[in-house]
Amino acid sequence: MVEIKTKVNDADVNDFINSVGNVQKKKDGLTLLEIFTRLTGEKPKMWGSSIIGFGQYHYKSEKSRQEGDWMLTGFSPRKQALTFYLMLGHGNYDDLLARLGKHKTGMGCLYINKLEDVDRGVLEALITKSYTHMKKENA
């Protein structure tokens with residue numbers, strides 16, 4: 001069985017965000033930390049060295065026989081783009097994505113360059129919808 005390498009740990013979330021070299025990504029990261037904490041009511045935790053996750057669930061994959069724990073939602077202020085772990089393949093998000101603004105999607109993730117490129121209200125609706133769905137499915 002393959003073991004996932006990205007695991008929850010006790011690294012400091014604020015230290016990680018403050019270590020981000022790009023000033024805009026750091027600023028957006030701090031804003032996203034506030035947004036995700038407010039919307040989920042969860043305490044942020046580091047997953048691996050660069051992902052900030054909220055909530056947790058255990059999964060078992062029928063296809064690959066992989067098993068492990070993963071966040072209900074999260075984000076990472078990566079060099080290329082702000083990456084959102086929203087599990088977009090598990091619901092109908094087309095209407096919200098159409099109204100979001102400049103973004104890309106792939107493999108259950110949403111990518112934006114900077115927060116000012118998107119409608120903040122729509123982004124918050126996407127985060128809330130994904131988090132609520134994942135929490136309900138994994139209760």
Side-chain angles (χ1 to χ4, degrees):
M1 176 169 51
V2 177
E3 188 173 330
I4 191 164
K5 294 177 183 172
T6 304
K7 294 183 179 184
V8 68
N9 61 70
D10 291 327
D12 188 273
V13 171
N14 286 303
D15 286 350
F16 165 66
I17 294 175
N18 286 320
S19 74
V20 172
N22 179 297
V23 175
Q24 184 64 51
K25 292 281 192 293
K26 182 186 301 187
K27 180 181 171 194
D28 287 349
L30 291 168
T31 300
L32 289 170
L33 180 61
E34 181 279 320
I35 289 171
F36 273 84
T37 302
R38 176 173 43 83
L39 295 177
T40 67
E42 302 271 3
K43 182 179 178 189
K45 292 289 216 168
M46 288 300 301
W47 286 76
S49 62
S50 63
I51 300 173
I52 301 166
F54 298 82
Q56 183 173 326
Y57 70 99
H58 189 78
Y59 69 90
K60 291 181 183 181
S61 172
E62 297 294 323
K63 295 178 183 176
S64 67
R65 295 183 14 199
Q66 185 174 357
E67 180 176 350
D69 295 314
W70 195 244
M71 69 200 86
L72 293 171
T73 191
F75 73 94
S76 182
R78 298 191 186 277
K79 190 175 188 176
Q80 282 294 97
L82 297 168
T83 302
F84 298 82
Y85 298 87
L86 299 178
M87 316 316 169
L88 297 174
H90 296 278
N92 184 356
Y93 298 87
D94 293 343
D95 179 54
L96 289 170
L97 290 171
R99 296 184 291 127
L100 180 60
K102 187 177 176 183
H103 72 279
K104 295 180 184 177
T105 59
M107 299 297 290
C109 293
L110 170 72
Y111 306 97
I112 64 173
N113 290 327
K114 52 190 178 295
L115 285 179
E116 67 186 36
D117 287 344
V118 298
D119 181 305
R120 187 91 46 103
V122 174
L123 179 62
E124 290 190 15
L126 278 165
I127 294 166
T128 300
K129 183 175 180 175
S130 174
Y131 172 77
T132 302
H133 174 82
M134 292 303 293
K135 188 162 181 136
K136 179 181 170 190
E137 287 295 310
N138 296 287

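Here, residue 1 is the first one in the sequence, and each next residue gets the next number.
- The aromatic rings of Phe75 and Phe84 sit tilted relative to each other, their planes meeting at an angle between 30° and 60°.
- Atoms CD1 and CG, from Ile17 and Leu30 in turn, are 5.0 Å apart once rounded to the nearest 0.5 Å.
- Taking Arg120 as the reference, nothing meets the salt bridge (charged side-chain N to carboxylate O under 4.0 Å, His left out) condition, with sequence neighbours excluded.
- With Asp28 contributing its side chain and Lys114 its backbone, the two residues share no donor-acceptor pair below 3.5 Å.
- Atom CD of residue Gln56 and atom CG of residue Asn138 lie 11.0 Å apart, to the nearest 0.5 angstrom.
- Summarising the geometry, atom OG1 belonging to Thr128 is positioned 4.0 Å from atom CG belonging to Leu39; distances are rounded to the nearest 0.5 Å.
- Checked against salt bridge (charged side-chain N to carboxylate O under 4.0 Å, His left out), Asp12 has no partners two or more places apart in sequence or in another chain.
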Decide yes or no on side-chain contact (heavy atoms from CB on, under 4.5 Å) for Met71 and Met134, but give the supporting numbers first.
-> CA-CA 9 Å; Met71 69 200 86; Met134 292 303 293; over 6 Å; no

Derivation of the side-chain contact (heavy atoms from CB on, under 4.5 Å) call for Thr40 and Leu72 = CA-CA 9 Å; Thr40 67; Leu72 293 171; over 6 Å; no

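- Heavy atoms only, all atoms of each residue included: Gly29 and Pro77 are closest at CA-CB, 4.5 Å.
- Looking only at distances, no side-chain donor or acceptor of Lys7 sits under 3.5 Å from a matching main-chain atom of Asp69.
- A distance of 11.0 Å separates NZ of Lys102 from CD1 of Ile112, quoted to the nearest 0.5 Å.
- When the shell of 6.0 Å around NZ of Lys26 is examined, it contains more than 12 heavy atoms from other residues, nucleotides or ligands.
- Residues forming a salt bridge (charged side-chain N to carboxylate O under 4.0 Å, His left out) with Asp95 (at least two apart in sequence, or on another chain): Arg99.
- Among residue pairs with one or both ends in residues 101-121, none qualify as ring-ring contact (aromatic ring centres under 6.0 Å, His included); sequence neighbours excluded.
- Glu116 meets the side chain to side chain donor-acceptor pair (under 3.5 Å) test with no other residue; sequence neighbours excluded.
- With sequence neighbours left out, Glu34 forms a side chain to side chain donor-acceptor pair (under 3.5 Å) with Arg38.
- Atom-to-atom distance recorded for Ser76:OG and Leu32:CG is 10.5 Å, nearest 0.5 angstrom.
- Of the possible donor and acceptor atoms, one in the side chain of Thr37 sits under 3.5 Å from a partner among the backbone N and O of Leu33.
- In terms of heavy atoms, Asn113 sits closest to Ala81 at OD1-CB, 4.3 Å.
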Output a table of donor-acceptor pairs, distance under 3.5 Å, between side-chain atoms of residues 41-55 and any protein atom two or more places apart or on a different chain; print 'none' if there are none.
{"from": "Glu42", "atom 1": "OE2", "to": "Tyr131", "atom 2": "OH", "distance (Å)": "2.6"}
{"from": "Ser50", "atom 1": "OG", "to": "Arg78", "atom 2": "NH1", "distance (Å)": "3.2"}

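- With sequence neighbours excluded, no residue forms a salt bridge (charged side-chain N to carboxylate O under 4.0 Å, His left out) with Glu137.
- Note that CG of Leu86 and CD1 of Ile127 are 6.0 Å apart. Values are rounded to the nearest 0.5 Å.
- Nearest heavy-atom pair, Val122 versus Leu96, reported as atom, atom and distance to 0.1 Å: CG1-O, 3.2 Å.
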